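Notes follow the structure.
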Protein chains: 2
Amino acid sequence: MTTEISSARQQILETASDLFYQKGIQHVGINEVIAASGVAKRTLYRWFPSKDLLIEAVMQYRAAQWSSWFETAVSERGNTPKERLLSTFDVLRDWYASPSFRGCPFINAVLEIADASHKAHQVSIDLRESIRQIIIRLAAEAGVKNPDLFSRQYLLLIGGASLMATIEQSPDGATFAQTALSVLIDANIGD
Amino acid sequence: MTTEISSARQQILETASDLFYQKGIQHVGINEVIAASGVAKRTLYRWFPSKDLLIEAVMQYRAAQWSSWFETAVSERGNTPKERLLSTFDVLRDWYASPSFRGCPFINAVLEIADASHKAHQVSIDLRESIRQIIIRLAAEAGVKNPDLFSRQYLLLIGGASLMATIEQSPDGATFAQTALSVLIDANIGD
DNA sequence: GACAAGGTAGACAAACTTGTCTACCTACTT
DNA sequence: AAGTAGGTAGACAAGTTTGTCTACCTTGTC
């Protein structure tokens, strides 16, 4: 067997990830994933005993990818803590403006699945918390007085910007958020 | 026929509205709406020739209700323009804290339907615009220098707060947003 | 060679979904 | 009375969805 065949699980995961994101989790059935990934149904169920488990695995896979991407992109921008904070919305604006953007997959999943007990819901909560921890660190470095409150306000802005990008199909939310964030930073430094 | 029977359409609309909101649009089939509303299938299809048309009608119905409720609640609070702006998040916090809260129906619908060409998507866009117009008016009254930008930042905050309430099941996002909004107001007045 | 692991195609089946239709009823208007 | 409008119960049907299963293949290990 070649490497390709021994990575059927990976192929399924990536294919499902793309399809779920592009069309919506509830709009893509497992037969579509099978057809697009080129694996047999037996194989899919061998690795993912149910659709819910596939969804969960996909969300975890995407969360790991997104976190990695975000941390890397942010760390490569800005020279000062404040710049780095603001640059996060430059990173996001690029994402929102990309042709394949179809919303934040972690927000999408929670609302599409509409079940707070689903494991994918917890993945979203965990990801938000990891974003918040990044922001707390950057905010503290920038001398923000209350990094905890600031990080929660940050989550509001990032959520709102993502929604604006999704609903109004405009990446400008990132710029509005950046402007607001700059005001919040200045209001919370130096007093 | 009694009044009750002549309002079958209204009964369907209200029942579907509740079910779609509580369980998710894609998770409720028309047979469930029929069973819960007590109308015949023939009657449902008489008034709503397809599920999509029912969804559209429901979203329009909810948008009218929501707008009315929001305007009224806001107009009854605050004595100054700034207070009125901030009070919007008091109104929203109460909503987020209510037992039946399950997210913003207009955000939910867009993400659940996952089709930008669906009429319900436009309903959400229009509602956001109507919120924005309310905020532009209040902001101008408060002396905010750039009501347009401010109103867009407001949309970010209201979207983010709704998501926080939905995903983290915490109404505190409204408080964080209120704090941020207060800073934004102060930073945009008087210079 | 025998067995295990991982793979293939796709048939099968129960349940669900949306929408169409039959047959009938009630109340109102002309 | 006849016709219209709005209503009832629910059968029917095609298509979709998730999951189970049959039959077979390839590769690697013992």
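First the proteins, then the strands, lettered A, B, ... as listed; each starts at 1. A quick note: this is a predicted structure, and the numbers were derived from the prediction, not measured.
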**Message:** On the nucleotide C:dG6, are OP1 or OP2 found under 4.0 Å from the side-chain N or O atoms that A:W47 carries?
**Reply:** no
**Message:** In this structure, how many angstroms lie between the C1' atom of C:dG7 and the CD1 atom of A:I34, rounded?
**Reply:** 14 Å
**Item:** A:T179 backbone acceptor or donor facing A:S182 side chain under 3.5 Å
**Value:** no
**Item:** Parallel, tilted or perpendicular, as decided by the 30° and 60° cut-offs, for the rings of B:W66 and B:F106
**Value:** perpendicular
**Asked** To the nearest Å, how far apart are A:N31 CG and D:dG15 P?
**Response** 16 Å
**Request:** Using a strict cut-off of less than 4.0 Å between a Lys/Arg side-chain nitrogen and an Asp/Glu carboxylate oxygen, indicate whether A:R77 and A:E83 qualify as a salt bridge.
**Result:** no
**Item:** Whole angstrom value for the distance that separates P of C:dC16 from CD of B:E32
**Value:** 11 Å
**Item:** Salt-bridge criterion met for B:D148 and B:R132 (N-O under 4.0 Å)
**Value:** yes
**Request:** Begin from the C-alpha positions of B:D52 and B:H118 and carry the test side chain to side chain donor-acceptor pair (under 3.5 Å) through to its verdict.
**Result:** CA-CA 8 Å; B:D52 278 334; B:H118 197 288; 3.1 Å; yes
**Distance in angstrom units between B:Q11 CD and D:dG6 P, rounded** = 17 Å
**Asked** Considering only C:dG7, D:dT8, D:dT17, which nucleotide approaches the side chain of B:R42 most closely?
**Response** D:dT8
**Asked** Quick one: is B:S50 getting a side-chain N or O under 4.0 Å of the C:dT18 phosphate, OP1 or OP2?
**Response** no
**Asked** What about B:K41, does its side chain sit under 3.5 Å from the base of C:dG19 through a donor-acceptor pair?
**Response** yes
**Message:** One thing to verify: whether B:E141 and B:K82 come together as a salt bridge, which I'm taking to mean a side-chain N less than 4.0 angstrom from a carboxylate O.
**Reply:** no
**Request:** Using atom CD1 of B:I12 as one end and atom P of D:dT8 as the other, report the distance to the nearest whole Å.
**Result:** 8 Å
**Request:** Grab the CG-P distance between B:L44 and D:dG10 for me, whole Å please.
**Result:** 16 Å
**Item:** Rounded distance in Å - CZ (A:R46) to C1' (D:dG19)
**Value:** 16 Å
**Of the listed nucleotides C:dT8, C:dG7, C:dG19, the one nearest the side chain of A:A8** = C:dG7
**Asked** Among the nucleotides D:dT20, C:dT22, C:dT8, which one has an atom lying closest to any side-chain atom of A:Y45?
**Response** D:dT20
**Asked** How many Å lie between CG on B:L54 and P on C:dT17, as a whole number?
**Response** 15 Å
**Message:** Using 30° and 60° as the class boundaries, would you call the ring planes of A:W95 and A:F101 parallel, tilted or perpendicular?
**Reply:** perpendicular
**Members of residues 13-30 of chain A that approach DNA chain D, where some heavy atom sits under 4.0 Å away** = A:G29, A:I30
